[in-house]
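Below: one structure, written as structure tokens.
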Amino acid sequence: MKNLKANPLLTFFSAIIMLLGLAGFSSNQVHAEESDTLRVGMEANYPPYNWTQQDDSNGAVKIDGESLYANGYDVQMAKKIAAGLGKKNVVVAKTQWDGLLPSLTSGKIDMIIAGMSPTPERRQAIDFTNAYYTSNIVMVVNSTGKYANATNLADFNGAKITGQLGTFHYDAIEQIQGAIKEPAMKDFSAMRVSLESKTIDGYVSEKPEGISVSSANPNLKMIEFKRGQGFHLDPSETQSAIGLRKGDSNLEKVNEILATIPEDERDKMMTTAVHSQPKPATEGNWFINIWQQYGAMLLRGTAMTVFISLIGTIVGFFIGLLVGIIRTIPLAKSRGKRWTTRVASFLASVYIELFRGTPMIVQAAVFYYGAAQMFGLNLDRTLAALIVVSINTGAYLSEIIRSGIISTDEGQFEAASALGMNHFQRMRKIILPQAVRNSLPSVANEFIVNIKDTSVLSIISVSELFFTGSTIAGQNFQFFHTYLTITFIYLVLTFTITRIFRLIEKKLNGPKDYNLMANQEQVTSNSREVKN
Amino acid sequence: MANQDSIISVRNLEKKFGNHLVLKDISLDVTPGEVVTIIGSSGSGKSTLLRCLNLLEDPTNGEINFKGENILGNGFEITKYRSKVGMVFQSFNLFNNLDVLENCIVGQTTVLGRSRQEAEEMAMEQLKKVGMDPYIKAKPAQLSGGQKQRVAIARAVSMSPDVLLFDEPTSALDPEMVEDVLASMKALAHTGLTMILVTHEMAFARDVSDHVVFMDKGVVAEEGTPEKIFNNPKEARTKEFLKRYLNQ
């Protein structure tokens, strides 16, 4: 995000964002500093630092825009900071790790309290307070695996090791002689799944996370290294600090507050956090347990996925229709009209190239974070998601509809022209009904793609099905089972949609047989009835 | 100059596809109520001439007058003109998305602004004339070629045109279906409708038309009454063409 101002593509995106903002979408300037609420960004998925839970027990705070709560060491620390700053409320903005920095710099949150280490790279983008927790770097391994009894780094010769993307944990793997450095993973849930399924032999973590995971999941085990036998790290890297926007005047004050919390109190807070983190149900059928515990969350996630995909596909369809029509307008004879058509057609192809040629995840990030950073537009997440999915789908469908139009038999155009229809009439009455009918299978396809691809919207923390699944897996540590449940829901959704579209197609095709109006009298009397 | 009695009068018409000259210096007059057939071998330019008449092709040069008005002039209302000059295609071109009845209604309501009721009555009347009224609920894909073409004729006639153009209306049909379509066309000719048709049906040209135009290599080689063309052709190429066709 460092290059945000220089990139012409981003500038273009932002211009679109600007226009949409002017067009009256709900948007408001960011005034985070002045309110009496402290908005804190964290993953809410990294116990014991932070996690998501269903109620406000153990002093949890509300997650912004959801009926869920966040708790953990970070949340308790945030409450202390808020009290010290004289703010009444703490609200947690549940944000993916990659989204934390842009969220802060774009003003969507006031500070990052997410177990984040103040690395020099990050210091270039934001300011950090003094440490609010100092931990140890550990290795988490499978408790029945080959490396369960390792005691020093040398024991990991030949092991497949990974770490979280964008953390120093991952860079530290290079200190292990002979270890195979696997690609970095997005979050701890992913690493835990990999470890349990033995696709990796271990991942680098910090002690609190290690305690947490080994107490919740007996299959996983934390390896602590004795002094001198573990990783050699800059002390700053084992520390967690609070991230603030550059030049935030609260920096001094927060440091003063932190100074009032001594080491032993911090350790006590961490122990409490480890004990109060949600424990998964271990008795009975896992599938039933997941539904009983998280059924409501899963349904909300499913509803969000269906909502965004459905609206996105419908709006995208109309955008596609419009753009498809514009791109197939025949060149008029008069010069002025010809230029208008050419310009409109050029803009339409720029739109298609831009949105078909870039990943939706990038569009979402640029749209949501870019708008806030550059113009102070604080778009609602769901609205931003709807806009991105609609525009993206529109780009694909406009090409599908265009091909539907140009593949309609030339004779249909000619016969309509011969009746004296103008371009608009021809399109509306004859060509589009056929083009749309012919493009229905592709629209269904796009809808299904949307159901699945909305999962990338987790980048802007929209709590669709996949994001919900990750959250649940982060709580119950039953990664395989949770993702299997999610898989099942996705399949039910896509299968149902396929069936529904089949029915629509059948309906549009009409009956295979037609009734012969053999009785002339009946026909005449029918048409008389119409007349009267 | 344009013949005052003509409903359509073509003067020095030229059409090029790229550098290829398809129509050369064509002049033709059609009086109201006349049935004109255009004959000639494939590639002689007959269909192109017909398509120029309702501007599905843009002529590169020359003049086409409809009731004394140049249809190629600036500001001429092409759509209005086309609604008065109907066309029946070789490949029928029924609207695939509409059933038989709607095919005959859609032009009337959208272009002529007729009421739904009025349009439906007209459509039923014309469909009955071609014997297709039992099929009003059928989609084009469910009909045979001959049935489609009869619906196409009803569709064109429902627009109450001044002139009706037929572009090889029976060429895509199985032999046993040709008769039905020709019968419908014959009946139309007797109503006094002005018709211009391109056809390979020599018997029809001889028996039904008032005027026959023989085209060869993009020019009108010979024209006149059916008796004159079929019984007494002057040009060698007309004779050769007819010999080939009538001996078949």
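Numbers restart at 1 for each chain; the letters A, B, ... are given by sequence-line order, proteins then strands. Heavy atoms only: backbone and side chains are in, while hydrogens, waters and symmetry mates are out.
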Give the intermediate values and the outcome of salt bridge (Lys or Arg N to Asp or Glu O under 4.0 Å) for residues B/K128 and B/E125.
CA-CA 5 Å; B/K128 206 174 280 179; B/E125 188 187 326; over 6 Å; no
Separation of [Y] [atom2] from [X] [atom1] (nearest 0.5 Å):
X	Y	atom1	atom2	result
B/K15	B/T60	NZ	OG1	6.0 Å
B/R150	B/D133	CZ	CG	10.0 Å
A/R402	A/I325	CZ	CD1	13.5 Å
B/L112	B/S160	CG	OG	7.0 Å

Where does [X] contact chain A at under 4.5 Å (heavy atoms): side chain, backbone, both or neither?
X	answer
B/F89	side chain
B/T110	both
B/V85	backbone

Give the interface residues of residues 444-452 of chain A toward chain B, defined by a heavy-atom separation under 4.5 Å.
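Under the 4.5 Å heavy-atom cut-off, nothing qualifies.
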Intermediate values then yes/no, side chain to side chain contact (heavy atoms under 4.5 Å, CB included), A/I352 and A/R327:
CA-CA 11 Å; A/I352 290 168; A/R327 298 241 293 164; 3.6 Å; yes
Can you check whether A/L386 reaches A/V315 side chain to side chain, under 4.5 Å on heavy atoms?
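Result no, sub-4.5 Å side-chain heavy-atom pair not found.
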What option among [options] has the most heavy-atom pairs under 4.5 Å with chain A?
options	value
B/N93, B/L94, B/L98	B/N93
B/K80, B/E118, B/K84, B/R51	B/R51
B/N54, B/N96, B/L56	B/N96

Tell me whether the count of non-hydrogen atoms from other residues, nucleotides or ligands lying under 6.0 Å of [atom1] in [X] goes above 12.
X	atom1	result
A/R502	CZ	no
B/F76	CZ	yes
A/F318	CZ	no

Under 4.5 Å, counting heavy-atom pairs only, tell me which of A/I430, A/I431, A/L508 racks up the most with chain B.
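Of A/I430, A/I431, A/L508, A/I430 has the most heavy-atom pairs under 4.5 Å with chain B.
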Looking only at heavy atoms, which of residues 165-175 of chain B get nearer than 4.5 Å to chain A?
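Expected list: none.
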Under the side chain to side chain contact (heavy atoms under 4.5 Å, CB included) criterion, do B/I38 and B/I196 qualify, and how do the steps go?
CA-CA 7 Å; B/I38 304 172; B/I196 304 174; 3.9 Å; yes
A/D409 versus chain B, the contacting section by heavy-atom distance below 4.5 Å
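For A/D409, the contact with chain B is made by the side chain alone.
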May I ask you to decide if A/E410's main-chain N or O and A/E414's side chain share a donor-acceptor pair within less than 3.5 Å?
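No, A/E414 side chain to A/E410 backbone: no donor-acceptor pair under 3.5 Å.
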Where the side chain of A/T305 meets the backbone of A/L465, is there a donor-acceptor pair that is under 3.5 Å apart?
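Flag set: sc A/T305 to bb A/L465 pair under 3.5 Å.
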